[in-house]
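The structure under discussion appears below in the form of structure tokens.
Keep in mind that the numbers below use all heavy atoms, side chains included, and drop hydrogens, waters and symmetry copies. We count ligands from 1, going down the list as the structure has it; atoms in each ligand are counted the same way. Note that this is a predicted model, so its numbers are computed, not measured.
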Amino acid sequence: SGSAHLFEPKVFELLTAVQEEDQSHLFEHWGSVDARDADKRRLAYQIVLLDQTTPGGIVSYIRRARELLRDSRDGVNPLDGYTPSVPEGVRLDFGSCEYKELQSAGATAAASAAFVLVAGGLGERLGYSGIKIALPADTARGVSFLQLYIESILALQEQAVARGQQDCELPLIIMTSDDTHKQTVKFLEENSNFGMNPGQIALLKQDKVACLSDSNAHLALDASDSFRIQTKPHGHGDVHSLIHAAGLPQKWHQQGLKWVCFFQDTNALVFNGLLPALGASVRENYAVNSLAVPRKAKEAIGAIAKLRREDGHEMTVNVEYNQLGPLLKSTISEEGDVNDDSGFSPFPGNINQLVLKVDEYARQLQSTGGIVPEFVNPKYKDESKTEFKSSTRLECMMQDYPRGLAPDAKVGFTVINQVWSTYSPVKNSPEAGRLKVAANCPSHTGTSAEADVYHSHCSMLRQLGARVAAPEAVLFNGIRVHLGPRITWSPSFALTFHELEEKLNAAELSVSQRSVLIIEGADVHIDSLKVDGALWIRCGKGAQVRMQGFNVWNAGWEWQPLDDTHPGTEQEQIRGFHVKKNETAYQDVLVAVPSQRA
Ligand code: UGB
């Protein structure tokens, strides 16, 4: 129309290009293209923004959507023609010789690693109003997931510095979304980045993508605002295009970094898996290494599978749980997704912790622009499969990255056989958790996550020969867990079995069932110690604590179920208990004592 020139040419060009993708309905009600009209400007500039933030741009997005929606309507299964089998990978027992070896090798290799935390999820399933990374990783020590992750990375960095790599500064990238960004920034600011340098952390915010209203990939206008396109999250797969857009792989390459480790928002045990996996990546020269755990059949976590097509094309990828059953039924197993004699599915469960090799990752992102294969999941109104119950959008998952790799890329997995040692996230509300338990699956609640933190710490000590009392079954929020002595320590004290061995004489350590033992600080040494009650050892940077002949006995702390007199805070309600601190013995050496010279 005559007023078209009022939009800048670039904007007008984009609007035309979008319209030509069968999107006339977006502008039908415009009358004339008048850029002075506030509503029209709003829609136009939303399209500009979507074009900038959508991987590949808006036109490419519409075209991808059209194809995927057509396949969905026609019932085309992307896995058709593929036969699954259990791939080759590294299988480890928590604390075995091989595990310890790879864990130490991984801790050394971490000196050349970048870390990526995906934290854009809102946690609807958990029913928590705050950001999940601000939840406590365990109630005894009380530090948040984010602090724990940062402390772990800093501990690895300190070790590299101690080995002579003076300038080591390990990058942390946090992917946020509109739902989590502001709160994440504030949380970091309020806590001075938990000790990281300001430039060490990079936040990448993912944006939502345009919704689609029908099988022809028409963009969906808001029902109450015909000058706004509906948007929804695109999924954690965005992390790759954001990393690409920020030019990070090239930067990492220049810094001499070799590995990049991805992990999720609420797994306190992540480094128990990441370090041996990093060690395995070095040993096996994996371009992609997915961390995995034994998976119960039908459990709602993806399965790592090797897929082979008749023409010989092979890939080792994650198959989401809703696709695995049908795929197995149509190929190798009439029963579908069922447990074998081990009580678990033969396919290891993906836990979305990945170790990628930087140089191949950089090459791959260069050629794909960071777009990982997408999928669409429309809920159709009827059999004709043209209209949807509500608008849909394309989605993507970070673990689908290997799908785009060349067939000769070395893709493996590392499974740790003891799930509780490696993976125990806080994903589900108590109600949802109880349903999971009823279905014979881990509850993945605040309750189970807490118990597993202590369980894994206790197990490490026991494996080294300490006398650590057995756990007792308790019920919180209707979820039964086994609660051992509440033992936890900071990553600066120990991240590996090897460090633990160096710092404590396990034969002379004993801890009773009701006890709490918290150890914080790098230079803590336990020669002989008996705890029956609560002991908190706090050792500042540069200071040293040596526990020799200590015998702690006090009223300790109690984990008490919530009830009407004590309904608990939102954070406590997720777990189902509050901690009553009756008495605590502190061993504090917070400032360095100047060493005495003879
Ligand atoms: N996340 C984002 O950063 N952005 C998003 O848009 C969405 C999520 P969920 P999901 O380990 O048990 C995954 O929602 O996606 C972050 C795997 O697909 O907790 O349902 C979010 O903040 C599945 O194969 O999990 O399922 C969180 O940190 C299985 O491995 C992370 O992404 C499953 O996780 C995961 O998001 C599992």
Side-chain angles (χ1 to χ4, degrees), residues 53-55 115-128 130-135 145-146 149 173-181 183-184 203-209 231-243 261-270 273-274 290-296 298-305 317-324 337 345 347-354 372-375 377 393-403 413 415 419 422-429 432-433 436 441-446 448-449:
T53 57
T54 305
F115 294 86
V116 181
L117 164 61
V118 291
L122 189 55
E124 290 104 331
R125 269 180 289 164
L126 180 62
Y128 177 60
I131 48 171
K132 287 188 279 173
I133 49 175
L135 284 169
F145 283 107
L146 183 57
Y149 296 151
I173 287 74
I174 307 177
M175 181 169 78
T176 58
S177 67
D178 282 321
D179 295 325
T180 62
H181 188 77
Q183 283 169 282
T184 305
L203 297 192
L204 301 177
K205 185 170 81 66
Q206 57 177 155
D207 286 286
K208 293 183 175 151
V209 290
T231 59
K232 281 186 182 166
H234 189 222
H236 40 66
D238 277 344
V239 71
H240 301 298
S241 53
L242 289 170
I243 285 176
C261 304
F262 292 81
F263 55 105
Q264 305 195 43
D265 49 16
T266 61
N267 183 21
L269 306 168
V270 47
L274 266 186
S290 303
L291 251 144
V293 291
R295 170 181 177 279
K296 292 279 185 188
K298 303 189 182 65
E299 187 177 345
I301 64 176
I304 314 273
V317 291
N318 172 69
V319 178
E320 273 307 276
Y321 54 95
N322 53 345
Q323 295 177 323
L324 183 69
D337 184 14
S345 154
F347 292 91
N350 162 56
I351 51 176
N352 260 4
Q353 291 165 196
L354 308 168
V372 293
E374 292 159 305
F375 61 96
N377 193 11
R393 82 293 198 183
L394 300 192
E395 294 177 76
C396 61
M397 302 189 291
M398 73 169 176
Q399 67 269 37
D400 279 342
Y401 163 77
R403 282 181 195 243
F413 68 83
V415 74
V419 187
T422 317
Y423 187 59
S424 192
V426 184
K427 291 206 186 207
N428 298 316
S429 66
K436 295 263 172 194
C441 289
S443 74
H444 291 168
T445 52
S448 57

Only residue of I243, D238, D265 satisfying side chain to side chain contact (heavy atoms under 4.5 Å, CB included) with M175 is D238
Does at least one non-hydrogen atom of Q399 fall below 4.0 angstrom from an atom of ligand 1?
yes
Tell me whether ligand 1 is touched by H234 - counting only heavy atoms on the residue side and a distance under 4.0 Å.
no
Would you mind running through ligand 1 and noting each atom that sits below 4.0 Å from a heavy atom of E320?
18 (O), 23 (C), 24 (O)
Side-chain donor or acceptor of Q206 paired with backbone N/O of H236 under 3.5 Å:
no
Using heavy atoms and a 4.0 Å limit, tell me yes or no: is M398 in contact with ligand 1?
no
Report the C-alpha distance between S290 and L354 in whole Å, list the side-chain angles of each, state the deciding distance to 0.1 Å, and finish with yes or no for side chain to side chain contact (heavy atoms under 4.5 Å, CB included).
CA-CA 5 Å; S290 303; L354 308 168; 3.6 Å; yes
Backbone of A119 reached by a side-chain donor or acceptor of T180 within 3.5 Å
yes
Per-atom contacts of ligand 1 with D265, taking only distances under 4.0 Å to non-hydrogen atoms
21 (C), 22 (O), 27 (C), 28 (O)
Closer than 3.5 angstrom, by distance alone: can the side chain of R295 be matched with the main-chain N or O of I301 as a donor-acceptor pair?
yes
At a 4.0 Å threshold, what atoms of ligand 1 neighbour a non-hydrogen atom of K427?
9 (P), 11 (O), 12 (O), 19 (O), 25 (O), 33 (C), 34 (O), 35 (C), 37 (C)
Who's closest to atom 30 (O) of ligand 1 heavy-atom-wise, of D400, N350, N352, I174?
N350
Would you say the side-chain atoms of N428 pair up with the backbone N or O of S443, donor to acceptor, closer than 3.5 Å?
yes
Is there a donor-acceptor contact under 3.5 Å from the side chain of H240 to the main chain of M398?
yes
Assess the residue pair Y149 and F263 against the criterion (ring-ring contact (aromatic ring centres under 6.0 Å, His included)); give the C-alpha distance rounded to whole Å, side-chain angles, the decisive distance to 0.1 Å, and a yes or no.
CA-CA 10 Å; Y149 296 151; F263 55 105; 4.9 Å; yes
Report, in ascending order of atom number, the atoms of ligand 1 lying under 4.0 Å from any heavy atom of G302.
23 (C), 24 (O), 29 (C)
Note: heavy atom closest to atom 4 (N) of ligand 1, options K132, H236, H444, Q206, belongs to Q206
Check: K296 side chain, P442 main-chain N or O, donor-acceptor pair, under 3.5 Å:
no
Examine the proximity of ligand 1 to M397 and report which part, side chain or backbone, both or neither, has a heavy atom under 4.0 Å away.
side chain
Ligand 1 versus M175, non-hydrogen atoms closer than 4.0 Å: side chain, backbone, both, neither?
side chain
Tell me whether Y423 reaches ligand 1 (any heavy atom closer than 4.0 angstrom to a ligand atom).
yes
Given side chains that start at C-beta, do those of L146 and L117 come closer than 4.5 Å, heavy atoms only?
yes
For ligand 1, is G235 a contact, meaning one of its heavy atoms is under 4.0 Å away?
yes
Minimum non-hydrogen distance to atom 14 (O) of ligand 1, winning option of Q264, R125, K208
R125
Would you mind running through ligand 1 and noting each atom that sits below 4.0 Å from a heavy atom of G120?
2 (C), 3 (O), 4 (N), 22 (O)
Evaluate side chain to side chain donor-acceptor pair (under 3.5 Å) for N267 paired with Q353, printing each intermediate quantity in order.
CA-CA 10 Å; N267 183 21; Q353 291 165 196; 2.8 Å; yes
Atom indices of ligand 1 within 4.0 angstrom of A119 heavy atoms, with elements:
3 (O), 22 (O)
Please identify which atoms of ligand 1 are closer than 4.0 Å to at least one heavy atom of V118.
3 (O), 16 (C), 21 (C), 22 (O), 27 (C), 28 (O), 31 (C), 32 (O)
Ligand 1 to G121 polar contact by distance, N or O atoms, under 3.5 Å
yes
